[in-house]
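Scroll down for the structure; my scribbles are underneath it.
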Amino acid sequence: MSDFDADAYWASREWKKWVVDLESGPRRKPRRETRYICARTQERALACAKGETFMTRPRVVWVRLATPRDLGCVPGPAIKPLIQQIEERARAVQKAIA
């Protein structure tokens, strides 16, 4: 999933999922929080994240578009055998065609 281009994926969509990392408190030992926001723009996502938090005077650490890993869309161990079966069938079909 490291080669996923979030900018290209979300470019054609009006509403985007944003990941906003906030922190508050002392710089040495800050309290951190991550918010997943659905908004049209980065500025609106930031405003929503600041409005939803209970932190006092939150600082923004990072605002970026969400990736599949952020949204929990990664293949787990139960999916790997299915992927292997599909790949084996695809190879068999390719051999039959050739």
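Just so it is clear, the model here is predicted, and its values are computed rather than measured. Hydrogens, waters and symmetry mates play no part in the numbers below; they use all other heavy atoms, side chains included.
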Once you round to the nearest 0.5 Å, how far does [atom1] of [X] lie from [atom2] of [Y]?
X   : Y   : atom1 : atom2 : result
C48 : W18 : SG    : CH2   : 12.0 Å
I37 : W15 : CD1   : CH2   : 11.5 Å
S24 : R57 : OG    : CZ    : 9.0 Å
R64 : W10 : CZ    : CH2   : 12.0 Å
R40 : R13 : CZ    : CZ    : 15.5 Å

*With sequence neighbours left out, what residues match T53 under side chain to side chain contact (heavy atoms under 4.5 Å, CB included)?*
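For T53 the side chain to side chain contact (heavy atoms under 4.5 Å, CB included) partners, ignoring immediate neighbours, are L22, E33, R35, M55, P58.
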**OP:** With sequence neighbours excluded, tell me which residues meet side chain to side chain contact (heavy atoms under 4.5 Å, CB included) with E87.
**Re:**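 I83, R91.
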### Query
Checking K29 side chain against P26 main chain: does a donor-acceptor pair fall under 3.5 Å?
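Between the backbone of P26 and the side chain of K29 there is no qualifying donor-acceptor contact (under 3.5 Å).
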Quick check: closest heavy atoms across [X] and [Y], and the distance to 0.1 Å?
X   : Y   : value
V60 : L46 : CG2-CD1, 2.9 Å
A45 : V20 : O-CG2, 4.1 Å
R59 : G25 : NH1-O, 3.1 Å

**Message:** Walk me through whether V63 and E43 qualify under side-chain contact (heavy atoms from CB on, under 4.5 Å).
**Reply:** CA-CA 9 Å; V63 180; E43 293 80 20; over 6 Å; no
Taking side chain as C-beta onward, heavy atoms only, is Q94 less than 4.5 Å from I97?
->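 In short, these two side chains do not touch, never coming nearer than 4.5 Å.
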Answer yes or no: is there a side-chain heavy-atom contact under 4.5 Å between T34 and V19?
->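 Heavy-atom side-chain distance check passes, below 4.5 Å.
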In chain order, what residues pass the salt bridge (charged side-chain N to carboxylate O under 4.0 Å, His left out) check against R32, with sequence neighbours excluded?
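By the salt bridge (charged side-chain N to carboxylate O under 4.0 Å, His left out) rule, R32 matches E23.
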